[in-house]
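Notes to accompany the following structure.
When reading the values below, keep in mind they use all heavy atoms of this one structure, side chains included, and skip hydrogens, waters and symmetry mates. Below, read A as the first sequence line, B as the second, and so on, with proteins coming before strands; counting in each chain starts at 1.
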Amino acid sequence: MTNDTRTDDRRSDDTTAERSGLSRRGLFGLVGAGVVGGAVGFGIDRVITPEASASGAAAVYPFYGEHQAGIVTPAQDRLHFAAFDVGAIGREELAELLADWSYAANRMTAGLGAGEFGAASGPYDSPPDDTGEALDLPPAGLTITFGFGPTLFDDRFGLASKRPAALIDLPHFPGDALVDGLVGGDLCIQACSDDPQVAVHAIRNLSRIAFGRASLRWSQLGFGRTSSTTRAQATPRNLFGFKDGTANLRAEDTAKVDSQVWVADDGGWMAGGSYLVSRKIRMTIETWDRASLREQERVVGRTKGEGAPLSGGTEFTEPDFALAGRGDAPLIDEAAHVRLAHPGSNGGAAMLRRGYNFVDGNDELGRLNAGLFFICFQSDPREQFVPIQLKLARNDAMNEYLRHVGSGIFAVPAGASAGRPIGAGLFD
Amino acid sequence: MTSRRPRMAAALGAGVLAALVLSGCVANDPQAEGSAALSVDSSGTECAVSESTAPSGNVVFTVSNSGDAVTEFYLLADDGLRIVGEVENIGPGIERDLVVQARPGDYFTVCKPGMLGAGVGKTAFTVTDSGKDFELGGDLEAQVDAANANYSSYVKDQVENLVTGTESFAAAYTAGDDDLARSLYAPTRVFWERIETVAESFGDLDPSMDLREADLEEGQDWTGWHAIEKDLWPAEAEAGFTAYTPEKRAALAERLVSDTDSLYASVQDLEFTLDQQANGAIGLLDEVATGKVTGEEEFWSHTDHWDFQANIDGASVLYAGIRDILLEKDEELAAQLDEEFAELQSLLDAQRVGDGFALYTELSDDEIRAFSDQVNALGEPLSRLTGVLVL
């Protein structure tokens, strides 16, 4: 057995949830970024550089920590995102569900099975407590991130007084074409990994654990990250073929991350948490592909190859929105996406974007059902996502090629620790 | 659907095709191009072209701006004045291609950092005879002028019809003659949809006249055609929808009439360049692809077929106006566009009922699919039109 593949061996199980959680928590403070390599419990933890984690199947990100993993964690290549409706259960059962999810998430992110026996052992007359498709697979950088939707704070669980003011109901944005079945949810889970099977395995087992307490409302697979969340990662491309997320907040921008991503210490039970907004954005790639290179670059405001702003320079050159070309027209169009989304056009507001490309087969017209599953994290969506999206929805030249069909907003609490599951602050 | 030939040819540049035909074999190197590729370094003081000569045919100048001002690159005719090809607005550090179809002869290359003055590094450039056969006869400038004049007249004529049609529609709606108003709705909107890309270019009029309910932001007043559409076809509206008051009707009708008058005034002095006309045709087909073929434009009246036909009318007029120019540059593309336009029209004709069309909700899934496929079949070759014409 190598130390980077998953196992259902009981010996490994002994080393997981409680004891190693503490020790890894200690390590967390040491390495700062929260990236810890090597399988849990073998004593030789090592720091994995972001470069290594991009291809390193052995990368492990601890589930326990000050903040939940899967936010400033170097964006993995694959996503399985799921929103759940909580069934007819009470407050205590909800707390129990979150504790069970935390237990399983802590195990799975360490490369173990969802339950104590695993997929291939345990009582012979019982179904295995893990579904098994991730047996022999390394953790592949799996992170599991939990969030709470506005509807969780209605009168069902006595949580109304706990609803944070920032957990608003998102307004209708101009052009929204939301589909009922792709909107909202009481709970959400974002599972990211460099191996799609590992991410799917996580959602599958967590939804199995929830049966009878919560059920899937909608879910989304993503196959190519469209943002970089650390400086070491190259900027990937979205399905328009353009680099996406060049100006994204990065883990290294600690001051900005502290002010723009994490909820401050005075944020009550949400302190150390963040707010997640998800938008399923269908791209009408057929018409986009028929647009001239001139039009495509005008809409984005950057060159397609290098990703440089049209005002000049290279990818990471700050755009010069005032620089004019022929006829005194600005080189970066007034309606260009990069101009409208830029923090300078939004009072300094920025978000940590963590979106993924998707292709859900094709629609009934034979067009690829393709687009961007947009995910962003921020300390207050009222100051960040909402005003920025309102500006984009009104004026962005890109709207001609986009359609927002799904939407969600979730309060993502601080990280769990041994004995304190995700969301424990809700029930204090 | 009769047209089922492979369309890969449409994706290949004309230059690539020519090279394959000439060499008579399949290129081994997928990077190999049929075009002459040259690089241009535009600094603050120099305009260094990698070669001083190129064979006739497609010539690609990849212009890099190594200076610190916005630059432009020109290929000038032998008189050093007439512009054969240009690429502008190249920011510092940016690279952009100029692709021209160059005939044998003497030229000049020149860069214009800062976009001012006579430029720098003006150098003689020679295009040798490669033996490639292409004819650019006729007086292109006169043809472009004629196309421009014709399209300007067309736009004005359509808006005139829109003005009178809207007045009748508004009068019927205000008077509460809903049957008459409903019967005038789609046939009047046709005049808008035919020139939709032009009408949309007036940033304040379009949202006032043609906004769909989903396009509103919270608290925004809804005016224009679709606000009235919903009131005229209330059976399709959400539960609890109440009919507009006579006052609201009058206000909406008045606003629509005055907006249409503003549009009329705005189009009187419009002029259209060749690429604007080609892009207009492409834009109208995009309107079909994103709004009409999905039945979302006329959410309550389901009269999308009228809009569909009108968008195609407008695109056909634009195409017809520049078809002569295209014939000289790329006969094959013209033939393909002729065929795909006709194919799409035959699908539309099959939906005609009396003076109008079947409602969009009466279409079967297969029929909608056939429309969508044919819009794509026309859209791909149409998207090459601008590139071919301005080459």
Can you pull out all donor-acceptor pairs below 3.5 Å that join chain A and chain B?
{"unit_1": "A:His172", "atom_1": "N", "unit_2": "B:Glu218", "atom_2": "OE2", "d": "2.7"}
{"unit_1": "A:His172", "atom_1": "NE2", "unit_2": "B:Ala214", "atom_2": "O", "d": "3.0"}
{"unit_1": "A:His172", "atom_1": "NE2", "unit_2": "B:Leu216", "atom_2": "O", "d": "3.2"}
{"unit_1": "A:Gly175", "atom_1": "N", "unit_2": "B:Ala214", "atom_2": "O", "d": "2.7"}
{"unit_1": "A:Arg290", "atom_1": "NH1", "unit_2": "B:Asn376", "atom_2": "OD1", "d": "3.1"}
{"unit_1": "A:Arg290", "atom_1": "NH2", "unit_2": "B:Asn376", "atom_2": "OD1", "d": "3.4"}
{"unit_1": "A:Gly313", "atom_1": "N", "unit_2": "B:Pro92", "atom_2": "O", "d": "2.4"}
{"unit_1": "A:Arg326", "atom_1": "N", "unit_2": "B:Asn89", "atom_2": "OD1", "d": "2.7"}
{"unit_1": "A:Arg326", "atom_1": "NE", "unit_2": "B:Glu72", "atom_2": "OE2", "d": "2.7"}
{"unit_1": "A:Arg326", "atom_1": "NH1", "unit_2": "B:Glu88", "atom_2": "OE1", "d": "3.2"}
{"unit_1": "A:Arg326", "atom_1": "NH2", "unit_2": "B:Glu72", "atom_2": "OE2", "d": "3.2"}
{"unit_1": "A:Arg326", "atom_1": "NH2", "unit_2": "B:Tyr74", "atom_2": "OH", "d": "2.7"}
{"unit_1": "A:Arg326", "atom_1": "NH2", "unit_2": "B:Glu86", "atom_2": "OE1", "d": "3.0"}
{"unit_1": "A:Arg326", "atom_1": "NH2", "unit_2": "B:Glu88", "atom_2": "OE1", "d": "2.9"}
{"unit_1": "A:Leu365", "atom_1": "O", "unit_2": "B:Ser372", "atom_2": "OG", "d": "3.4"}
{"unit_1": "A:Arg367", "atom_1": "NH1", "unit_2": "B:Ala289", "atom_2": "O", "d": "3.0"}
{"unit_1": "A:Arg394", "atom_1": "NE", "unit_2": "B:Glu217", "atom_2": "OE1", "d": "2.6"}
{"unit_1": "A:Arg394", "atom_1": "NE", "unit_2": "B:Glu217", "atom_2": "OE2", "d": "3.0"}
{"unit_1": "A:Arg394", "atom_1": "NH2", "unit_2": "B:Glu217", "atom_2": "OE2", "d": "2.7"}
{"unit_1": "A:Arg403", "atom_1": "NH1", "unit_2": "B:Glu296", "atom_2": "OE1", "d": "2.8"}
{"unit_1": "A:Arg403", "atom_1": "NH1", "unit_2": "B:Glu296", "atom_2": "OE2", "d": "2.8"}
{"unit_1": "A:Arg403", "atom_1": "NH2", "unit_2": "B:Thr290", "atom_2": "O", "d": "3.3"}

Heavy-atom proximity to chain B below 4.5 Å, by part of A:Ala291: neither
For chain B, the option from A:Gly366, A:Gly305, A:Pro309 that forms the most heavy-atom pairs under 4.5 Å: A:Gly366
Turns out that what part of A:Leu365 lies under 4.5 Å from chain B's heavy atoms comes down to both
Atom CZ of B:Phe299 with >12 non-hydrogen neighbours under 6.0 angstrom: no
Under 4.5 Å, counting heavy-atom pairs only, tell me which of A:Ala329, A:Pro171, A:Ala308 racks up the most with chain B. A:Pro171
So which part of A:Leu390 gets closer than 4.5 Å to some heavy atom of chain B, the side chain, the backbone, both or neither? side chain
Side chain from CB out, backbone as N, CA, C, O: work out which of these in A:Leu331 comes under 4.5 Å of a heavy atom of chain B, or both, or neither. side chain
Per-residue contact mode, B:Leu216 against chain A (heavy atom under 4.5 angstrom): backbone
Pairs of heavy atoms under 4.5 Å with chain B: top-ranked of A:Gly312, A:Ala324, A:Ala393: A:Gly312
Most heavy-atom pairs under 4.5 angstrom with chain A, which of B:Gly283, B:Ala214, B:Gly93? B:Ala214
